[in-house]
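Step one of this worksheet: look at the structure below.
Computation of the quantities below employed the complete heavy-atom set of this structure, encompassing side-chain atoms and omitting hydrogens, waters and symmetry-equivalent molecules. Both ligands and their constituent atoms are indexed starting at 1 by order of listing.
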Amino acid sequence: MTGFTVEVDGTGVHVPEGASLLTAVRAAGIELPALCSDDRFSPAGSCRTCLVRADGRIAAACVTPASSGTRIETATSDLVRLRRDAVEVIVSALPPRALADGNPSELAHVCRTMEIGPEAAQGAGGRGGDDTHPYVHLDRDLCIACGRCVRMCSEVQGTFALTLVGRGSDTVVAPGTGGPWAESDCVACGGCVDTCPTGAITQPGPARGLTSAFQPAATRTRTTCGYCGVGCTLDVVTQDGDVAAVLPARDGPVNQGHACVKGRFAHGFRTSPERLTRPLLRRGGALEAVGWDEALTHIARGLQAAVGAGGPDAVAAISSARATNEENYLVQKFMRVVIGTNNVDNCSRLCHSPSAAGLTASFGLSGGTDTFDDVERADCLLVVGANPVEAHPVVGARLLRRVLHGAKLIVADPRAVGLALHADVHLRPRPGTNVALCHGLAHVLLAEGLTDEEFLRARATGLPELAELLGDYPPDRVADITGVPVSDLVAAARLYGRAERPAIVYGLGVTEHLHGTDGVRSLANLAILRGAVGSDRGYGVNPLRGQNNVQGASDMGALPDVLPGYRKVTDPAVRARAEDVWGVPVPERPGLRIPDMFAAARAGDLRALWVIGEDVCATDPDANQVARALDVCPLVVCNELFLSETARHADVVLPVASWLEKDGTFVNFDRRFQRVRPAVPPLAEARTDFDTVRALAAAMGVDLGCATPADALAECGRLAPVFAGISHDRLDREGAIPWPCPDPGRPGAAKLYTERFATPDGRAHLSAAPYLPPGEQPDGRYPLLLVTGRRWAHYNSGSMTRRGGNLALDPVDFLDVHTDDAARYGLRDQEHVTVESRHGRARLIARVSEQTAPGQVFCSFHFPASGVNRLTSDHADTVTSCPEYKVTAVRVAAP
Ligand SMILES: Nc1nc2c(c(=O)[nH]1)N[C@H]1C(S)=C(S)[C@@H](COP(=O)(O)OP(=O)(O)OC[C@H]3O[C@@H](n4cnc5c(=O)[nH]c(N)nc54)[C@H](O)[C@@H]3O)O[C@H]1N2
Ligand SMILES: Nc1nc2c(c(=O)[nH]1)N[C@H]1C(S)=C(S)[C@@H](COP(=O)(O)OP(=O)(O)OC[C@H]3O[C@@H](n4cnc5c(=O)[nH]c(N)nc54)[C@H](O)[C@@H]3O)O[C@H]1N2
Ligand code: SF4
Ligand code: SF4
Ligand code: FES
Ligand SMILES: [Mo]
């Protein structure tokens, strides 16, 4: 470890480079008050409660750097008195309740250790509060103006929602917009709640005070967030068998003590009165509650009948990217072993299947190339078709922090997304033109000699073909196709081309297109041209995988063409290994992809469909056609928390446990396996998906093995060597482990391809695919281009985030319309509009702004009732069938 040694009260202590006196004192195990400081952000040095003596001089420990040999004293009586005076001055302005008995705040704790009693608090109070926000309340009387919340919000969260107002002893925190908290820029990350030392900012309800590290012992369960693929480490606090609060873990490898509104606050769904608690069976057209045995027997008979009538391939399952690895492993094992078909897929199909295909073709493995910790070290970030500030908030905050500390930022997104406000260059391509955009950037890299010739010679292939193709993509032609000005294109190429260690991060704006896989590959070209992948000259190409476990669902083989570990089912050696472990033959023909399942159902060929944790009627494209498929399919089974749109069309609905109630693992967006642990048992009669799959197999007379989730992961490792080194025990000991990890005695590979690429020839493959236009084009009848995507307060179908406080933060699906288009089509802000495409109709509320470009509109799909996916088409990526969610021609009218 680099660093140096200092002396604290006579004892030598080794501290890291850059350590402050406060860090050194704490490293020596000495407790020091530090009321305006938090090691997650910069020190202010304003409260004077942390005074120590360094080499004879009195200093505020939080802001004073230590250096080799510094002699620090903390315990002399004059220092103790100075610190106590400082605390007393602060406390004297507060009302007595600041120190009331049992108050769990940091300040109350400090006072207890200093023996300062409640009588020291003599403030009159009466400054009032702000309780307009569902998750963050302010009590002005307890504010000591330490500014921790303000710095948390600006430096860690990057939202800049808070400020200090007033003068002298009247200084108090307030939303920067001046009005009530609920109308401020706050995105409810909870950061200010966690850092506030006095309880001035708290979360309301029974969890009030549970945020503090100084609370009386409560039961905490360490787990991984079940919403998005960031994979935040969370501590779930339970009281009386219920979840009372969810707190970000300081030692979480990705979140580092931070979280977002979903993981932090959106757990009210768990006990929603609408939660399913008993199995439902359709009788005489209506769904009726029945017992588990009856439901399982009915399904088992239905599956046997389907196989009897149409063979094993008449059955299909959609597995859940919300569920654990172990559950996904069991679902695909069930389909292959019990039914005898490869008809299993997961929502990666709708999301990052083009990443899996594209990254595998370019580099060899189906995942991002680098860890996020490395990406964060980049000196230039190219963020393409991703809106991490809203969709991966903790990653968005970390990227923003990096940019505020000097990294260059290029954002490629048609919309003015959060990060674009901080970008050096914001490229705004027409939706569906990424391939041309990337070729334009590559053209400039080649033309200006910004490529890594040595890398290209030694480690890549395909340059001559690409160079020839790029001849057709000079900046002016690319400007015509994409709408991006030549100057912006050239500026972006130079930033990326001249950076020392650039990194690419991307999202669905690249994949959810007719040519999504080409989009991924043309983006990968840039990293290869720069030699910025698998080397120390950059941090590769990294998809922001969406669902909490979409990476894992695919890793576990819940895909129609591969077994666990992406091993091709058509390969006899791969099947032989699986047959060894499973003891039965594995079907050799690849199965149906999700859209093909619906087509087969409509054609009468698919006779049973098991949908596990995906609301296909709300979130799959061309939803009218999906509903028709379910209605004609003789048996539809749905594992759900709620009566989703899909569940309404099912014949049997099984009530299942949520992420807060189960045991297993998730794989996050940068390939880390992390543990999921039950904080509470499944609600009422709900069972885990894991137990459901095993019970159904048993009802069909098959013992699936894998008695526990730990057993299932162990068995998976026997099929897929890349996971063989990972086990629950090891994760419990070590925390997160990235795959590939073949060896239980060695760490997983965080950065890939440092020696060779995993392609058959060991080289990175440049792709020379031409730009082809999107599937949907506007015309006279449908003049506008609709892009669909995410908003920060809701999650996908909204089944969980619409049930709780998040609803107050974002009550409907809005349609963002540019001011010019609003004028042209007579649309008014905040008024109902009807959106029509060639496929269906939706009703939304217009929001007029300049977030979108003229001619484009944007909406979310978080409220199934608004019908957004009745608009989207069945056009899909030509390689992977990922829907073209990002381009639909529409017209918009006032109702
Ligand atoms: N709050 C919240 N977070 C979520 C989710 C959620 O529903 N809500 N869902 C999770 C899931 S499943 C996923 S997959 C991720 C998705 O995370 P993202 O990929 O960040 O999400 P999107 O908003 O769908 O799309 C990203 C951006 O692509 C842009 N875009 C559209 N077309 C193009 C194009 O042709 N070129 C370029 N360059 N950009 C384009 C859009 O304007 C949009 O800003 O988020 C996850 N996190
Ligand atoms: N227009 C448009 N549509 C889109 C997209 C878009 O950008 N635009 N994005 C697409 C993308 S990327 C994705 S990933 C999909 C997501 O679409 P979905 O996967 O359908 O969405 P979710 O709401 O995440 O979850 C589906 C269901 O799983 C349930 N659930 C939650 N946890 C569990 C569990 O542990 N077990 C079980 N059995 N069920 C559970 C929830 O209640 C919910 O009803 O949407 C796609 N749809
Ligand atoms: S909750 Fe987060 S976003 Fe909101 S004010 Fe606090 S720190 Fe800022
Ligand atoms: S950023 Fe993602 S993983 Fe982290 S708390 Fe939010 S939803 Fe959960
Ligand atoms: S914590 Fe050091 S001056 Fe406030
Ligand atoms: Mo997704």
Side-chain angles (χ1 to χ4, degrees), residues 189-190 224-234 246 248 252 254-255 258-266 269 275-276 318-324 327 331 346-352 388 391-397 507-509 511-512 544-550 611-621 623 638-647 654-662 664 666 668-669 676 686 688-690 692 786-790 792 794-803 842 859-862 864 868-872 882-886 888:
C189 72
T224 304
C225 178
Y227 282 104
C228 90
V230 169
C232 292
T233 306
L234 302 174
V246 179
V254 188
N255 57 315
H258 196 205
C260 84
V261 64
K262 301 183 299 302
R264 177 76 169 74
F265 293 116
F269 72 87
R275 180 89 189 267
L276 297 176
I318 297 176
S319 195
S320 183
R322 306 299 301 276
T324 61
E327 292 170 332
V331 173
N346 77 81
C347 81
S348 178
R349 183 69 52 212
L350 316 177
C351 182
H352 273 284
H392 298 82
V394 164
V395 158
L508 300 180
T511 56
E512 286 179 341
L544 292 175
R545 303 292 313 244
Q547 301 267 41
N548 54 319
N549 197 35
V550 65
V611 186
I612 300 167
E614 183 173 325
D615 193 359
V616 294
C617 289
T619 55
D620 279 48
C638 184
N639 282 27
E640 252 301 340
L641 307 177
F642 296 101
L643 197 64
S644 64
E645 298 301 305
T646 306
L654 301 177
V656 292
S658 70
W659 62 278
L660 289 156
E661 303 158 338
K662 57 186 167 187
F666 295 151
N668 82 333
F669 79 106
V676 178
T688 61
D689 291 302
F690 193 87
T692 312
L786 169 71
V787 176
T788 59
R790 283 139 182 90
W792 62 271
H794 288 293
Y795 195 76
N796 291 341
S797 72
S799 73
M800 292 147 106
T801 49
R802 281 182 284 106
R803 292 178 168 100
C859 71
S860 54
F861 59 105
H862 302 315
V868 168
N869 275 320
R870 292 200 279 266
L871 300 170
T872 46
C882 179
E884 190 181 46
Y885 286 118
K886 297 296 187 248
T888 309

Can you list the ligand 2 atoms lying under 4.0 Å from a non-hydrogen atom of [X]?
{"X": "Lys662", "answer": "34 (C), 35 (O), 36 (N)"}
{"X": "Val656", "answer": "36 (N), 37 (C), 38 (N)"}
{"X": "Leu508", "answer": "12 (S)"}
{"X": "Asp689", "answer": "34 (C), 35 (O), 36 (N), 37 (C), 38 (N)"}
{"X": "Asn639", "answer": "37 (C), 38 (N), 39 (N)"}

Of [options], which has the heavy atom at the shortest distance from [atom]?
{"atom": "atom 15 (C) of ligand 2", "options": "Leu350, Leu643, Val868", "value": "Leu350"}
{"atom": "atom 33 (C) of ligand 2", "options": "Glu640, Glu512, Arg322, Arg275", "value": "Arg322"}
{"atom": "atom 20 (O) of ligand 2", "options": "Thr619, Leu871, Thr788", "value": "Thr619"}
{"atom": "atom 14 (S) of ligand 2", "options": "Cys638, Cys617, Cys347, Ser797", "value": "Cys347"}

In terms of ring plane angle, is the pair Tyr227 and Trp659 parallel, tilted or perpendicular, where the classes change at 30° and 60°? perpendicular
**Prompt:** Between His862 and His794, what is the ring plane arrangement, given parallel below 30°, perpendicular above 60°, and tilted in between?
**Reply:** tilted
For ligand 2 and [X], I'd like to know whether there is a polar contact (N/O to N/O, distance under 3.5 Å).
{"X": "Ser644", "answer": "no"}
{"X": "Asp620", "answer": "no"}
{"X": "Ser658", "answer": "no"}

For [atom], the protein heavy atom that lies nearest, with its residue and separation:
{"atom": "atom 1 (N) of ligand 2", "result": "Asn869 OD1, 2.8 Å"}
{"atom": "atom 21 (O) of ligand 2", "result": "Asn796 CB, 3.4 Å"}
{"atom": "atom 41 (C) of ligand 2", "result": "Ser799 OG, 3.1 Å"}
{"atom": "atom 39 (N) of ligand 2", "result": "Gly613 CA, 3.1 Å"}
{"atom": "atom 6 (Fe) of ligand 4", "result": "Cys260 SG, 2.3 Å"}
{"atom": "atom 8 (Fe) of ligand 4", "result": "Cys225 SG, 2.3 Å"}
{"atom": "atom 5 (C) of ligand 2", "result": "Phe861 CZ, 3.4 Å"}
{"atom": "atom 7 (O) of ligand 2", "result": "Lys886 NZ, 2.9 Å"}

Q) Does even one non-hydrogen atom of Asn255 get within less than 4.0 Å of ligand 4? A) no
* To do: Verify the distance criterion only: is there a donor paired with an acceptor across the side chains of Arg790 and Asn796 at less than 3.5 Å?
  => yes
*asked:* Would you say Arg802 and Ser797 are linked by a side-chain donor-acceptor pair, where the criterion is simply a distance under 3.5 Å?
replied: no
Item checked: Side chains of Thr224 and Leu234 in contact at under 4.5 Å (non-hydrogen atoms) -> no
To the nearest 0.5 Å, atom CG of Asn255 lies from atom OG1 of Thr233 at 5.0 Å
Practice prompt. Just do the side chain to side chain donor-acceptor pair (under 3.5 Å) check on Thr692 and Asp689 with the steps written out, would you?
Written response: CA-CA 5 Å; Thr692 312; Asp689 291 302; 5.0 Å; no
As an exercise, identify every atom of ligand 4 less than 4.0 angstrom from a heavy atom of [X].
{"X": "Gly231", "answer": "3 (S)"}
{"X": "Tyr227", "answer": "7 (S)"}
{"X": "Pro393", "answer": "1 (S)"}

- [ ] Take Glu645 and Arg870 through the test salt bridge (charged side-chain N to carboxylate O under 4.0 Å, His left out) and record every step on the way to the result.
- [x] CA-CA 13 Å; Glu645 298 301 305; Arg870 292 200 279 266; over 6 Å; no
**Asked** Near atom 6 (Fe) of ligand 4, is there an N/O/S atom from Cys228 that is less than 2.8 Å away?
**Response** no
At under 4.0 Å between heavy atoms, what of Pro621 touches ligand 2? The answer is neither
So for Gln547 against ligand 2, with non-hydrogen atoms under 4.0 Å, the contacting part is side chain
**Q.** Trp659 touching ligand 2 at heavy-atom level, < 4.0 angstrom
**A.** no
With a 4.0 Å cut-off on heavy atoms, does Arg790 reach ligand 2?
yes
Short question: side chain of Asn639, backbone of Leu654 - any donor-acceptor pair under 3.5 Å? no
Check: Does Phe642 offer a backbone N or O that forms a donor-acceptor pair with the side chain of Glu640 under 3.5 Å?
Finding: yes
